[in-house]
Amino acid sequence: MPIKHGASSATETTANRSVPSPFWIIVRKEFGDHLRSWRFGILIGLITLACIGSIYTAVTALQAGVKTQETDTSFLFLQMFTASDGTLPNFTTFVMFLGPLIGISLGFDAINSERNKGTLSRLLSQPIYRDDFIRAKFTASLLLIAVVLFALGFLVMGLGLFTIGYPPTPEEVLRVILFLLVAVVYVGFWLNLSLLFSIRFRQAATSALSGIALWIFFSLFYSMIMGLIDKATAPGDSSALSLLLRHANMMLFLNRLSPSFLFTELTTTLLTPGVRSLGPLTTAQVVGAIASPLPLGQSILLAWPQLVGLLAATMICFGISYALFMRQEIRSRS
């Protein structure tokens, strides 16, 4: 009898280890639901078409530049993501402008739809922790965002290799991968923001409109407002150099409060190795500088403050969403 009891205990322990945790079960379910939804399919189709259009404009611009010898052949593969002939924006601009729509579409009804349908109370009545639920919602959506962005990025790399016939160097591949990781963080910020609205507002339409309103504000109106502030507070041309630098640094700080501006600086640094500074430079700093591209390590150091700022904004949004969800009272609809 003691031997049989020990064998049964070992069998039960092995069975418990093979059963996935509730967290990963929710992640798989949410990931599959997003993939099968018409909303996600339509949005991904539009973004894919836009990215294919940006690839065409980049190839056209590179071919025209090579023929006229106006295009720098160094880091030519990276120009697939940044070049454009003027008819359509480049790939990075499309990701900056349309990427937030993916995050908003995946998160604006993540919590309030479960609450309105009455499934949230029934789900949490099971042996599932609250933090597992909200972390699984975020993880599933972020994994899907990563899959989509990396698929689009590798699509650009593949079509570029097929079209221009110019293989990338290992440094160029690393720069593209870092750019895609930064894009995942950027879209993850908008995902966390939409999750916050989904927890705060009970109606999905209200949370969706709130997320879209902020997206439009930062994508269109924020730069206009900064331009008006710059024009109103700009010192005269004959002002002291210290005053001009103080005003330029103040405007740069205000612009960096926008996640879109931070993402633009990050992509510019990673995909354009010739960029050596993201702030104003004096004549004394420019004199004697060697005009050469930065190595990958120096580009990362140059863009590190922007990356930390974007990560901090993403983590703050998730922290607020987590705290708000853990404090909310959940009642059944019966």
Next item on the list: Output every pair passing salt bridge (charged side-chain N to carboxylate O under 4.0 Å, His left out) with a member in residues 140-157, not counting sequence neighbours, ordered by first then second residue.
Entry: none

Margin query: Does Leu180 form a side chain to side chain contact (heavy atoms under 4.5 Å, CB included) with Val176? I'd like the steps, not just the answer.
Written below: CA-CA 6 Å; Leu180 295 175; Val176 172; 4.2 Å; yes

Say whether [X] and [Y] are linked into one hydrophobic cluster, either directly or through other cluster members, by side-chain heavy-atom distances under 4.5 angstrom.
{"X": "Leu149", "Y": "Leu35", "result": "yes"}
{"X": "Leu49", "Y": "Met96", "result": "no"}
{"X": "Ile102", "Y": "Leu209", "result": "no"}
{"X": "Met326", "Y": "Leu324", "result": "yes"}
{"X": "Phe217", "Y": "Leu101", "result": "yes"}

Check: Going through the checks in order, is the side chain to side chain donor-acceptor pair (under 3.5 Å) test met by Tyr186 and Ser260?
Finding: CA-CA 8 Å; Tyr186 171 66; Ser260 302; 3.2 Å; yes

Note to self: Is the ring pair Phe179/Phe91 parallel, tilted or perpendicular, if the boundaries are 30 and 60 degrees?
What the structure shows: perpendicular

Next item on the list: Identify which one of Phe189, Phe97, Tyr222, Phe221 satisfies the ring-ring contact (aromatic ring centres under 6.0 Å, His included) criterion when paired with Trp215.
Entry: Phe97

Notebook entry, point to check: For the atom pair CD1 (Ile229) and CG (Asn255), what is the distance rounded to the nearest 0.5 Å?
Noted result: 9.0 Å

Check: From Phe31 CZ over to Arg36 CZ, what is the distance, rounded to the nearest 0.5 angstrom?
Finding: 10.5 Å

Check this for me: [X], atom [atom1], are more than 12 non-hydrogen atoms of other residues, nucleotides or ligands nearer than 6.0 Å?
{"X": "Arg135", "atom1": "CZ", "value": "yes"}
{"X": "Met315", "atom1": "CE", "value": "no"}
{"X": "Phe150", "atom1": "CZ", "value": "yes"}
{"X": "Arg39", "atom1": "CZ", "value": "yes"}

Taking the side chain as C-beta and beyond, is there a heavy-atom pair between [X] and [Y] under 4.5 Å?
{"X": "Leu310", "Y": "Pro259", "value": "yes"}
{"X": "Asp131", "Y": "Tyr322", "value": "yes"}
{"X": "Thr314", "Y": "Leu311", "value": "no"}
{"X": "Pro273", "Y": "Leu78", "value": "yes"}
{"X": "Met157", "Y": "Met80", "value": "no"}
{"X": "Thr267", "Y": "Phe81", "value": "no"}

Using only atom types and a distance under 3.5 Å, with no angle test, would you say the side chain of [X] pairs donor to acceptor with the backbone of [Y]?
{"X": "Ser223", "Y": "Leu220", "answer": "yes"}
{"X": "Ser141", "Y": "Lys137", "answer": "yes"}
{"X": "Asn249", "Y": "Leu245", "answer": "yes"}

Next item on the list: Answer yes if the ring centres of Phe133 and Phe325 are under 6.0 angstrom apart, and no otherwise.
Entry: yes

Check: Do the ring centers of Phe108 and Trp190 come within less than 6.0 Å of each other?
Finding: no

Check: Stepwise, does the side chain to side chain contact (heavy atoms under 4.5 Å, CB included) test hold for Leu301 with Gln298?
Finding: CA-CA 5 Å; Leu301 289 177; Gln298 295 297 320; 4.2 Å; yes

Next item on the list: Could you walk me through whether Val148 and Ile47 pass the side chain to side chain contact (heavy atoms under 4.5 Å, CB included) test, one step at a time?
Entry: CA-CA 10 Å; Val148 170; Ile47 294 177; 5.9 Å; no

Checklist line | Residue among Leu266, Leu271, Thr268, Leu270 satisfying side chain to side chain contact (heavy atoms under 4.5 Å, CB included) with Thr92 | finding: Leu271

Next item on the list: Going by the side chain to side chain contact (heavy atoms under 4.5 Å, CB included) test, name the single residue among Ile104, Asn112, Asp109 that passes it with Ser207.
Entry: Asn112

Margin query: Does Ser299 form a side chain to side chain donor-acceptor pair (under 3.5 Å) with Arg175? I'd like the steps, not just the answer.
Written below: CA-CA 9 Å; Ser299 295; Arg175 285 181 178 272; 3.1 Å; yes

Check: Does the side chain to side chain contact (heavy atoms under 4.5 Å, CB included) test come out yes or no for Asn90 and Thr57, once each step is laid out?
Finding: CA-CA 7 Å; Asn90 54 38; Thr57 60; 5.9 Å; no

